[in-house]
Number of protein chains: 2
Amino acid sequence: MNGLPPDDLSPEGAPPRDVAPAPGARTLRDVAQAAGVSIGTASKALNASGRLSAETRAKVLEVAKSLDYRPNDLAQSLHRARSMTVGILSTDSFGRFTFPIVEALERRLFDDGIAIFMCNATDDPARERRHLEQLLGKRVDGLVVTARRADKRAPIEPVARGLPVVYAFSYIDDPDALCLLPDDEGGARLAISHLARLGRKRIAHITGPRHFEAVRLREAGWRAALSEAGLAARDSDCLSGRWSEAWGREAVAELFKRSRDLPDALFCGNDQIARGAVDALKDIGRSIPEDVAIVGFDNWNVMADATRPPLTSVDMNLGALGAEAGAALLDMISGRRLAGLRRLPCSLVVRASCGAHAHAGA
Amino acid sequence: MNGLPPDDLSPEGAPPRDVAPAPGARTLRDVAQAAGVSIGTASKALNASGRLSAETRAKVLEVAKSLDYRPNDLAQSLHRARSMTVGILSTDSFGRFTFPIVEALERRLFDDGIAIFMCNATDDPARERRHLEQLLGKRVDGLVVTARRADKRAPIEPVARGLPVVYAFSYIDDPDALCLLPDDEGGARLAISHLARLGRKRIAHITGPRHFEAVRLREAGWRAALSEAGLAARDSDCLSGRWSEAWGREAVAELFKRSRDLPDALFCGNDQIARGAVDALKDIGRSIPEDVAIVGFDNWNVMADATRPPLTSVDMNLGALGAEAGAALLDMISGRRLAGLRRLPCSLVVRASCGAHAHAGA
DNA sequence: AAGAATTGGGAAAAGCTTTTCTCATATTGG
DNA sequence: CCAATATGAGAAAAGCTTTTCCCAATTCTT
């Protein structure tokens, strides 16, 4: 009806189904031809640019629609020198922490028409390098580098080539790099001051391995907030171990084998440790939150909600971090120079384990 | 030293740092010019094609290296009509289940030089449609559609346009579509026959909501394997509820309030239910695995390992599923027609909760 | 040493869009 | 009725590679 090229008329006797209907996608030329105009005119009509009569415009649009035409981003990108893509490169495998970040990031960038390449280097520098090559070849407009745990890493090479890079939930030493991290220390302070406000006097800290910077920062927050609350921070009340429930149980056994001066609150380095601690406390007959109040870290729902009682926990707001990384990257892509290490605030999600008003939690 | 274009000599008096070193990436023309050959010759040299003298080849290669030249994938893709990209579209948000799939998929495709666009539609059909538009615009070579839970979904549109699509961990009704799913029934049989072999006589089943096909299939597997083992499958021994620990606890309370004919084994629909069941059993004084053996589903490490005793669990091998999806997609991209619903085998990961030789598990 | 056969490299088209410039037609003003 | 101005649309270049075809120069054959 509208000058369709004859290539989708199936041969007379062939079975009507199962013949791949479109050998390739339609091109602007197909549209122009079918509409009886030049390629340039068709382009202008579709992009609402140039000076064209309303009729011509409408005709082209109609034909384009009937042909299911869709501009070829590859050609557009080539022309504009802007690929409208961004790479996200995870040093180690994607995990529980990178998910919310990536999700929010993708959402933010998608709103600006940018698609993301997902690359997983799994702790293999050679692999990371190949991924980088691939992304540079694809002319990504920017890069987000992330990691499972917020620890210092080696800088990504292309910084030197002027490609915008944001380090999200990971950081490097270069002061010219933009690094986004949760405010671990602030998160810890949130937990401690909450407990102190509830009248707890002796707040111990069971946490993960000290080689994590996050562990050191949270410990610092614990100390600082304690002293601000007029409470003492004793070294023997800070136990560093693994990130597991088992460690939470062991640490509680350690802390509570003393006969006097027992903690009346526990701030745990993550929710798994907290859950282990809760189990161990119940095993030795302490009730929660009456005898011991507990606050965890990560606000990992499956853990926090399943614990009995449900865990009050510090949330790193990783979604906000991801969105912020996306916004910052967009800024950098449009020419702004952003740099420095930014710490984004955590928040406290109150459930029943700390003895505050437990909002009849789910 | 090798005919570099002068554009990276910074102006005499300008600060030497902070002047973006490369305004844009190098092009083949830059290389050709610097090497004193034509563009075509440079291309041949870099691609090891055509007939060229060894010197010319070496010269071009050297210049390319010194300029840090990297071919523009956009132009290559445009030329070859092959973008070397694939989209992965998640119906609902990416979660615990999609991760291993995506990870394995990405790895498999990366080995073939294909990068993946990650798109998250978050249960929003309009959003899904826009993502699809974007991917088609980018001329992806194929599409993987996935979901958080293996449930039937509406077909993706572009199937009609001849674009290869694989449904991974999700499926549609069309017999012409290729759908990859875990063999839930087989997984359940694995669990039950294992328990039966260990001498358990009354194996109950606590599972998730029946509107999940996986739930119905696992229940079917439970029934079938019981009868094959010569055991009875009573309806009252199969409890369907939520996917949570809380439900596991409730269901145990329900099952064990009877005074006689109590189950000596529990097959749970996922590891969270299993963990809840373990806790509840311990609360009523049953020991595991002596009194009651437990098998979970998902083999979710953080759950299975943290449970006391650690959970024996059915593993859906989602990594293998992702890799298989990648391989199948590659096949389809290279022209093969693949179709049908394929169920990939599960496996059983034995830990201490079922009373089998507990390999001194971690 | 002349003709034939290699050989090495260049020119140009194709792949798809966007955009600038130009030109022809139609319209308006005097 | 002629000149001047809008107006609508086309031609072509640019963006970057790959690939085919072709030509000039060298080498070999006899």
Side-chain angles (χ1 to χ4, degrees), chain A residues 5 22-61 63-64 67-85 113 134 136-141, chain B residues 5 22-61 63-64 67-85 113 134 136-141:
Chain A
R26 302 303 187 171
T27 94
L28 191 51
R29 169 160 37 199
D30 298 333
V31 175
Q33 199 169 326
V37 299
S38 77
I39 292 184
T41 302
S43 172
K44 288 175 214 159
L46 292 170
N47 294 322
S49 68
R51 325 188 109 331
L52 260 58
S53 75
E55 306 171 77
T56 312
R57 222 177 271 283
K59 173 69 175 168
V60 171
L61 255 52
V63 170
L67 287 185
D68 195 23
Y69 168 76
R70 204 181 318 276
N72 185 332
D73 267 10
L74 264 34
Q76 288 187 330
S77 297
L78 184 58
H79 185 75
R80 317 197 158 114
R82 201 70 171 60
S83 69
M84 303 299 278
T85 59
Q134 188 188 48
L136 291 177
K138 297 216 175 296
R139 296 295 188 268
V140 291
D141 298 328
Chain B
R26 303 304 188 169
T27 92
L28 193 51
R29 172 163 32 203
D30 298 332
V31 174
Q33 200 168 323
V37 299
S38 78
I39 292 184
T41 302
S43 172
K44 287 175 212 162
L46 292 170
N47 295 321
S49 69
R51 323 191 113 324
L52 261 58
S53 75
E55 305 171 79
T56 312
R57 221 176 271 282
K59 172 70 175 168
V60 171
L61 256 53
V63 169
L67 287 184
D68 195 22
Y69 168 75
R70 205 180 318 275
N72 186 331
D73 267 9
L74 265 33
Q76 288 187 331
S77 295
L78 183 59
H79 186 75
R80 314 200 160 113
R82 204 61 177 66
S83 70
M84 302 299 278
T85 60
Q134 188 188 49
L136 291 177
K138 297 214 174 297
R139 296 295 189 267
V140 291
D141 298 328

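Chain A is the first sequence line, chain B the second, and so forth, proteins listed ahead of strands; every chain is numbered from 1.
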The reported gap from CD in B:Gln33 to OG1 in B:Thr27 (rounded to nearest 0.5 angstrom) is 8.5 Å
Of all heavy-atom pairs between A:Ala32 and A:Ala42, which one has the smallest distance, and what is that distance?
CB-CB, 4.0 Å
Under 3.5 Å, which protein N or O atoms sit close to an N or O of nucleotides 21-25 of chain C? Give each pair with its distance.
none

Output for pair (A:Ser83 OG, A:Leu74 CG), nearest 0.5 Å, gives 10.0 Å
Round to the nearest Å and state the distance from B:Arg57 atom CZ to C:dG8 atom P.
9 Å
With a 4.5 Å heavy-atom cut-off, do A:Gln76 and A:Pro71 have their side chains touching?
yes
Return the minimal non-hydrogen interatomic distance between A:Tyr69 and A:Leu28, and the atom names on each side.
CE1-N, 3.4 Å
Any base atoms under 4.0 Å from B:Ser53, or only sugar-phosphate, or nothing? Heavy atoms, all strands.
sugar-phosphate
Crowded around A:Arg82 CZ? As in, over 12 foreign heavy atoms under 6.0 Å?
yes
Side chain to side chain contact (heavy atoms under 4.5 Å, CB included) evaluation trace for A:Leu46 with A:Val60
CA-CA 7 Å; A:Leu46 292 170; A:Val60 171; 4.2 Å; yes
Using heavy atoms to find the nearest nucleotide of DNA chain C for B:Ala42 and A:Ser43 separately, return the residue whose nucleotide is more 5′.
B:Ala42
Students should find this one: the first and last nucleotides of DNA chain D, 5' to 3', lying under 4.0 Å from a heavy atom of chain B. What are they?
D:dG15 to D:dT20
How is B:Thr56 classified with respect to the nucleic acid when contacts are heavy atoms under 4.0 Å: base, sugar-phosphate, or nothing?
sugar-phosphate
Taken to the nearest 0.5 Å, the spacing of B:Arg80 CZ from B:Asp73 CG works out to 8.0 Å
Under 4.0 Å between a Lys/Arg side-chain N and an Asp/Glu carboxylate O for B:Arg26 and B:Asp68?
no
Taking five pairs at each end of the helix from C:dA1-D:dT30 to C:dG30-D:dC1, what angle separates the two helix axes (nearest 10°)?
50°
Under 4.0 Å between a side-chain N/O of B:Thr41 and OP1 or OP2 of C:dG9, yes or no?
no
With nearest nucleotides of DNA chain D determined for B:Leu78 and B:Asn47 from heavy-atom distances, which residue corresponds to the more 5′ nucleotide?
B:Leu78
For A:Leu74, which contact category applies under a 4.0 Å heavy-atom criterion: base, sugar-phosphate, or nothing?
nothing
Could you grab the distance from atom CZ of A:Arg70 to atom CD of B:Gln134, nearest 0.5 Å is fine?
12.0 Å
Evaluation steps, side chain to side chain contact (heavy atoms under 4.5 Å, CB included), between B:Lys138 and A:Met84
CA-CA 10 Å; B:Lys138 297 214 174 297; A:Met84 303 299 278; 3.9 Å; yes
Heavy atoms only, 4.0 Å cut-off, all strands: where does B:Leu28 land among base, sugar-phosphate and nothing?
base
